[in-house]
Amino acid sequence: MKEVSDRKIEHIEICCKEDVEMRVNTSGFEDVWLVHRAIPEVELDDIELQTNFLGFRLDAPLLISAMTGGHPKVKEINEVLAKVAGELNIAMAVGSQRAAIIDTSLKGTFTVVRDVAPDAFIMANIGAVQLVSDLKVEDVKKAVDMIEANAISVHLNPAHEFSQVGGDTKFKGVLEAIKKLIHELSVPVVVKETGCGISYEDAKLLADIGVSAIDVAGAGGTSWPLVEALRAERNGETLWAEVARGFAEWGIPTAVSIVEVRSVFNREVIASGGVRSGLDCAKAIALGADLAGFALPALRAASRGVKELKEYVSVVMNQLRGAMLLTGSRNIEELKRAKVVITGRVKQWLEARGFDVKSYARRSFP
Ligand SMILES: Cc1cc2nc3c(=O)[nH]c(=O)nc-3n(C[C@H](O)[C@H](O)[C@H](O)COP(=O)(O)O)c2cc1C
């Protein structure tokens, strides 16, 4: 298990220090335009960010995405993330708990989250492929109990596992394993990607087995193939680094993935993957998401401290408020109906896949 734990530390180091974001295959929010209202008929002070997610009242539609735990050195990062999530009453997910299920001495790197944020909405996390290879439902129950989780997010990461030297690539049976989990756990099961997005086809499979929410975690932000290429280079695996680098820009852009998933999935949708500003959050919600999540910016801010992470989130919240004011949206439900013009690459992608982009621009016209 030391190998998993050490890998986690290398991931954190690389993500904090190196350029690990996609550059060509962006999140697509630059092609999503909220239609400005010159007569918004709303007062900034009346705008409400509160929302419900899986039956829990949050003070803003924001999620600190799954990242860490599982190594003594990252306990402090989880503590900072949880403190801010708790104080601002936004959602948070921990990183994969597999290491702590197998080596219980690592539990404290996760339980710290519940200790500092007793009332927050916290999601447990586990890899879907490990449900097939080495984790049983009983183990997953332990992950949920470990942090008294409100829900569990199960991550799908085929591009990551493929790019990783010695990655686990036996993805046969993953859907069935998630289905079993849904039947046997008492908390909602959220399924997420890790930066390559979820298609209409896969969202339909997930809808059919009854997952409670989907986090699209699309392309445009942190690139796991790129992180693994950098890690392979560090460890002298230069040929494999070249293979992994070939997939650095792989995936469905987040803006596209939100539309694809929403068109077939009528439960809760989280938008993440390259979400970097409050404006991105507003666009994601107007495209059909319920929450917006961010990982890398939260990690980088949290590595500097509570104050820095709080400042980052407050900028995001104020930008979100601004976008709501300028679209005449008094609350999140109204923002979901704001008119959106989709241009460029995102429009081309969606039209090629048969989606009607005009319906977003005209929505509630008489
Ligand atoms: C350092 C780091 C560690 C991560 N570890 C996990 C993990 O353990 N489980 C998981 O589901 N996602 C993990 N992710 C993926 C994120 O939750 C997210 O889906 C992805 O980074 C895209 O979001 P971003 O562009 O805002 O970073 C990790 C991301 C980062 C940056």
Side-chain angles (χ1 to χ4, degrees), residues 4-5 7-23 25-29 62-71 73-74 77-78 81 91-101 106 109-110 113 123-131 143 149 151-161 164 189-198 214-228 230-231 248-255 257 270-277 280-281 284 291-303 312-313 316:
V4 177
S5 182
R7 191 165 69 223
K8 288 266 150 202
I9 272 296
E10 277 188 89
H11 285 156
I12 298 281
E13 271 170 24
I14 291 171
C15 287
C16 282
K17 288 187 194 141
E18 312 249 9
D19 190 359
V20 293
E21 293 181 273
M22 297 192 193
R23 290 281 167 247
N25 189 12
T26 58
S27 59
F29 290 119
L62 301 178
L63 163 74
I64 298 176
S65 297
M67 278 186 288
T68 202
H71 191 289
K73 285 190 193 160
V74 296
I77 293 177
N78 259 350
L81 296 174
M92 172 188 169
V94 297
S96 173
Q97 290 166 269
R98 179 173 169 231
I101 292 168
L106 296 169
T109 65
F110 292 99
V113 166
M123 284 194 272
N125 186 267
I126 213 74
V129 70
Q130 277 96 39
L131 293 177
I152 182 161
S153 66
V154 177
H155 65 261
L156 304 166
N157 65 340
H160 179 209
E161 296 287 352
Q164 181 178 304
V189 174
V190 178
V191 173
K192 74 184 285 283
E193 235 287 343
T194 49
C196 291
I198 293 188
I214 294 179
D215 181 343
V216 307
T222 308
S223 165
W224 281 95
L226 184 53
V227 172
E228 291 302 344
L230 292 164
R231 205 164 70 85
E249 303 279 343
W250 179 269
I252 306 168
T254 298
S257 189
I270 305 171
S272 71
V275 170
R276 297 293 176 258
S277 68
D280 288 347
C281 296
L291 289 194
F294 39 84
L296 193 68
L299 172 70
R300 289 180 174 169
S303 69
Y312 175 75
V313 180
V316 168

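Read the numbers this way: they start at 1 and go in the same order the structure lists the ligands and their atoms. Any value given below was found using the heavy atoms of this structure, including those in side chains, with hydrogens, waters and symmetry copies removed.
- Considering backbone and side-chain N/O atoms, T68 never comes within less than 3.5 Å of an N/O atom of ligand 1.
- From the protein, the heavy atom lying nearest to atom 5 (N) of ligand 1 is M67 O, 3.0 Å.
- Within ligand 1, counting atoms from 1 as listed, the ones closer than 4.0 Å to a heavy atom of R276 are 24 (P), 25 (O), 26 (O), 27 (O).
- Considering backbone and side-chain atoms alike, H11 places every N or O at 3.5 Å or more from each N or O of ligand 1.
- Residue-to-ligand polar distances keep G95 apart from ligand 1: every N/O pair is separated by 3.5 Å or more.
- A donor-acceptor contact under 3.5 angstrom links the side chains of N125 and S153, judged on distance only.
- Assignment of N125 to the shell around ligand 1 is supported, since a heavy atom sits closer than 4.0 Å.
- Those atoms of ligand 1 with a heavy atom of G273 less than 4.0 angstrom away are 22 (C), 23 (O), 25 (O).
- Of all atoms in ligand 1, numbered sequentially from 1 with element shown, those under 4.0 Å from a heavy atom of F294 are 26 (O).
- The nearest heavy-atom contact from the protein to atom 14 (N) of ligand 1 is A66 O, 3.1 Å.
- A distance-only check finds a donor-acceptor pair linking the side chain of N78 to the backbone of T109 [under 3.5 Å].
- In terms of N/O distances under 3.5 Å, ligand 1 is not approached by L299.
- Each of the following atoms of ligand 1 lies closer than 4.0 Å to a heavy atom of G221: 25 (O).
- Separation of atoms CD (E228) and NE2 (H11) is listed at 4.0 Å; rounding is to 0.5 Å.
- In terms of protein heavy-atom proximity, atom 29 (C) of ligand 1 is nearest to W224 CZ2, 3.3 Å.
- Per-residue contacts place S65 under 4.0 angstrom from the following atoms of ligand 1 (heavy atoms of the residue considered): 17 (O).
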